Amino acid sequence: MKGIERSMCATHLLEPQHVANVAWASAVAQVQSAALVRALRSTVQSLPPASSGIVAWSLARLRVAAGSLDLADADAQAVSNITWAAATI
């Protein structure tokens, strides 16, 4: 398993912003692996709205659905990211 995959499998040890940063970078670079996608999908619901929006956007760029997300406390940017992700998938 590559270093990034090992890191992402331990997402519970990372700060939400770090998870979002790794997800964004993976999506922009089109780096996709089963372990990375599993880790992101299992983590996205437990992140704060801003981070979950970025992870949802990133998963959509990788053509993977994030699942259902709670928008109750989300700001406009998070809602925009999550809406784009839902529309893209």
Side-chain angles (χ1 to χ4, degrees):
M1 191 179 287
K2 296 178 185 172
I4 192 169
E5 292 174 3
R6 271 195 305 270
S7 297
M8 287 307 298
C9 288
T11 53
H12 64 283
L13 301 175
L14 299 174
E15 295 292 325
Q17 183 64 51
H18 299 156
V19 174
N21 290 348
V22 170
W24 180 86
S26 300
V28 170
Q30 291 295 298
V31 174
Q32 184 174 5
S33 72
L36 176 65
V37 168
R38 259 192 320 276
L40 291 174
R41 288 193 77 212
S42 68
T43 305
V44 69
Q45 282 88 9
S46 65
L47 296 173
S51 296
S52 66
I54 293 168
V55 172
W57 179 91
S58 301
L59 287 168
R61 283 285 308 256
L62 295 172
R63 303 286 187 232
V64 177
S68 64
L69 299 173
D70 183 15
L71 297 175
D73 297 323
D75 65 2
Q77 185 63 56
V79 170
S80 174
N81 289 343
I82 293 167
T83 302
W84 182 91
T88 300
I89 293 298

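All figures in this text were calculated on a predicted structure; none of them were measured in a lab.
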Problem set entry | V55-L69 co-clustered via ILVMFWY side chain contacts under 4.5 Å | yes

Exercise. Do L47 and L71 sit in the same hydrophobic cluster, where Ile, Leu, Val, Met, Phe, Trp and Tyr count as joined when their side-chain heavy atoms come under 4.5 Å apart?
Worked result: yes

Exercise. Does the side chain of L40 come within less than 4.5 Å of V19's, by heavy atoms?
Worked result: yes

For this session: Return the set of residues passing side-chain hydrogen bond (donor to acceptor under 3.5 Å, both in side chains) with Q17 (not counting sequence neighbours), or none when no residue passes.
Result: N21

For this session: To the nearest 0.5 angstrom, please state how far the CG atom of L14 sits from the OG1 atom of T43.
Result: 8.5 Å

For this session: Enumerate the residue pairs fulfilling side chain to side chain donor-acceptor pair (under 3.5 Å) with a member in residues 48-64, sequence neighbours excluded, ordered by first and then second residue.
Result: none

Problem set entry | Single-linkage hydrophobic cluster, 4.5 Å side-chain cutoff, I54 and L36 together | no

Acceptor/donor pairs from residues 79-89 side chains to any protein atom, 3.5 angstrom cut, sequence neighbours excluded:
| unit_1 | atom_1 | unit_2 | atom_2 | d |
| --- | --- | --- | --- | --- |
| N81 | OD1 | Q77 | NE2 | 3.1 |
| T83 | OG1 | V79 | O | 2.7 |
| T88 | OG1 | W84 | O | 2.7 |

Exercise. So, Q45 side chain and D70 main chain: donor-acceptor pair closer than 3.5 Å or not?
Worked result: no

For this session: For R41, enumerate each residue passing the side chain to side chain contact (heavy atoms under 4.5 Å, CB included) test, keeping only those at least two apart in sequence or located in another chain.
Result: V37, L59, V64

For this session: Over all heavy atoms of both residues, which pair between A74 and P49 is shortest? Give the atoms and the distance, please.
Result: CA-CB, 3.5 Å

